[in-house]
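A short write-up of the structure that comes next.
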There are 2 protein chains.
Amino acid sequence: MTSFEQSHYSNQLGGILLKHQTPNTPLASGQPATFFPAGSEIYAQGEKCGNLYQVEFGAVRIYRLLSDGRRQISAFHLAGEMFGFEADKSHHFFAEAICGTGIRVLRPSASHVVAELLPMALQSLVRAQEQLLVLGRQNAVERVAAFFLEMSERQGGLRQVEFPMSRLDIADYLGLTIETVSRVFSKLKSKGIIRLPSLRCVEIVKLRTLQDMAA
Amino acid sequence: MTSFEQSHYSNQLGGILLKHQTPNTPLASGQPATFFPAGSEIYAQGEKCGNLYQVEFGAVRIYRLLSDGRRQISAFHLAGEMFGFEADKSHHFFAEAICGTGIRVLRPSASHVVAELLPMALQSLVRAQEQLLVLGRQNAVERVAAFFLEMSERQGGLRQVEFPMSRLDIADYLGLTIETVSRVFSKLKSKGIIRLPSLRCVEIVKLRTLQDMAA
DNA sequence: CCGTCGCGTTGATCCTGATCAAAGGCCCGG
DNA sequence: CCGGGCCTTTGATCAGGATCAACGCGACGG
């Protein structure tokens, strides 16, 4: 979109997710992938929709804005995942590449795509509904703990989790501010529950404790 | 079974909802409807799933609980709407009748059901994702305003909105406490933006103002 | 007719997380 | 090697909504 978006919400670091590029792409065979640089828009709210997208490598954020600029990220999509489902003729959300990202466009008319569509949509629905519990009823520590556990689970249950998104992205996903996210990170670290080998990497040290915290 | 429900509570509410009972039931023709008294469970988290449900009359709440009892209602379903979609073999949520409610059970294997399934699921997905913005980024007044507008819209855009759910249900849907919900109701009323003809009825007086408040 | 119960409203105080502010690291270009 | 910009961290203060508490109100049942 505009310079506002760029200045506020783009990030430099691309390529972090390259390690996790093992997308199984049963639907995408033969389709060419398009590269989206970090921060670039895949589609915008209000645009006509109709296609589906699959992340080949990298990561995508799906979000909405309020008129005063407040942003809520409703979902992150990592390698292998599909997004772009809409109930309507036009998009209700924005989609942006978080880091350098390869995207395959799928024509939803293809029969093998249709077959996969419903399960994927249902998966997204359950995830969104579970996120409602986090945003509606959990405190800052619980939200961050849940985020770590979710990311770990989605990356195969590894204790070492790498994520491509900035603190601002995490904050806008969890309904918090960057300061609060940062403070919770520090607190969990000082308690020895996690380690922070680098800015965008977390190692879960006390899994059980973290699970208990996520309530 | 009906007699149970004719207790004062749903007596009022039952009558109210009758106005809106024009569910188009293309999927349900021939299926018998089951009656669920107010507060009764339709299915529980963890139960095996597989069926779909359509509200014939009345209203349903879909929710999740945290271990300490905190509750988040992820959706209300009114007459004509379908629910019970799951990505998995078992339910991730609870479903309860809010007031005396008639439910049709649909076998999702029926081909005509399958055809309707995807659009319904997508509709639910979009609604859940929009609710994420409310819970993550809007303050108490904005949430309540959005709730009134949503209910009005779902009841055909009428200015007079009647809802079957208690303040506690509304609070648990909006991620607030009953006290806060009550205070916001009072504030909007004192500003002349709404009128409260009865406990479970709101009349939107200044629609434009309310829309602006919902941001 | 009164007492009780469940739900809703209103008031007083507290606390979590937001906001405001400043400084610290990291990466880049020069 | 240095300087600047961006992201992150940390600190101080503020405020919105939660919590605690009391009361109102209508609907029953005795």
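Computation of the quantities below employed the complete heavy-atom set of this structure, encompassing side-chain atoms and omitting hydrogens, waters and symmetry-equivalent molecules. Proteins come first, then strands; the chains are lettered A, B, ... in the order of their sequence lines, and each starts at number 1.
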Got a sec? Which of residues 173-182 of chain A come in under 4.0 Å of DNA chain C, heavy atoms?
A/Gly175, A/Leu176, A/Thr177, A/Glu179, A/Thr180
Can you measure B/Arg200 atom CZ to C/dG6 atom P for me and round it to whole angstrom units?
15 Å
Donor-acceptor pairs under 3.5 angstrom involving side-chain atoms of residues 170-178 of chain B: please list them, not counting sequence neighbours.
unit_1	atom_1	unit_2	atom_2	d
B/Asp172	OD1	A/Arg137	NH2	2.8
B/Asp172	OD2	B/Arg71	NE	2.6
B/Asp172	OD2	B/Arg71	NH2	3.0
B/Tyr173	OH	B/Glu150	OE1	2.9
B/Tyr173	OH	B/Glu150	OE2	3.2
B/Thr177	OG1	B/Thr180	N	3.3
B/Thr177	OG1	B/Thr180	OG1	3.1

Near-strand residues of residues 138-149 of chain A, defined as heavy-atom separation under 4.0 angstrom from DNA chain C:
A/Asn139, A/Ala140
Are any protein N/O atoms closer than 3.5 Å to N/O atoms in nucleotides 12-14 of chain D? If there are, list each pair with its distance.
unit_1	atom_1	unit_2	atom_2	d
D/dA12	N6	A/Arg183	NH2	3.3

Pairwise salt bridge (Lys or Arg N to Asp or Glu O under 4.0 Å) hits with a residue in residues 88-99 of chain B, at least two apart:
B/Arg61-B/Glu96
Restricting to ring-ring contact (aromatic ring centres under 6.0 Å, His included), what partner residues turn up for A/Phe185, sequence neighbours left out?
A/Phe148
Computed from five pairs at either end and rounded to 10 degrees, the angle between the axes of the helix from C/dC1-D/dG30 to C/dG30-D/dC1 is 30°
Give the rounded distance in Å between these two atoms: CD1 of B/Ile98 and C1' of C/dC7.
16 Å
Residue list, side chain to side chain contact (heavy atoms under 4.5 Å, CB included) with B/Ser124, at least two apart or on another chain:
A/Leu125, B/Phe85
Distance, rounded to the nearest Å, where B/Leu196 contributes CG and D/dC25 contributes C1':
15 Å
I'd like to check the side chain to side chain contact (heavy atoms under 4.5 Å, CB included) partners of A/Ser186; sequence neighbours left out, ordered by chain and number.
none
What pairs with B/Tyr63 under ring-ring contact (aromatic ring centres under 6.0 Å, His included), at least two apart in sequence or on another chain?
B/Phe94
Using only atom types and a distance under 3.5 Å, with no angle test, would you say the side chain of A/Ser152 pairs donor to acceptor with the backbone of A/Leu158?
yes
Name all pairs fulfilling the ring pair (Phe, Tyr, Trp, His ring centres under 6.0 Å) condition that reach into residues 123-146 of chain A, sequence neighbours left out, sorted by first residue then second.
none
Please give, in whole Å, the distance from D/dT10 C1' to A/Phe185 CZ?
15 Å
Over 60° means perpendicular and under 30° means parallel, so classify the ring planes of B/Phe83 and B/His77, tilted if in between.
parallel
So salt bridge (Lys or Arg N to Asp or Glu O under 4.0 Å) across residues 176-197 of chain B, not counting sequence neighbours, yields B/Arg195-B/Glu203
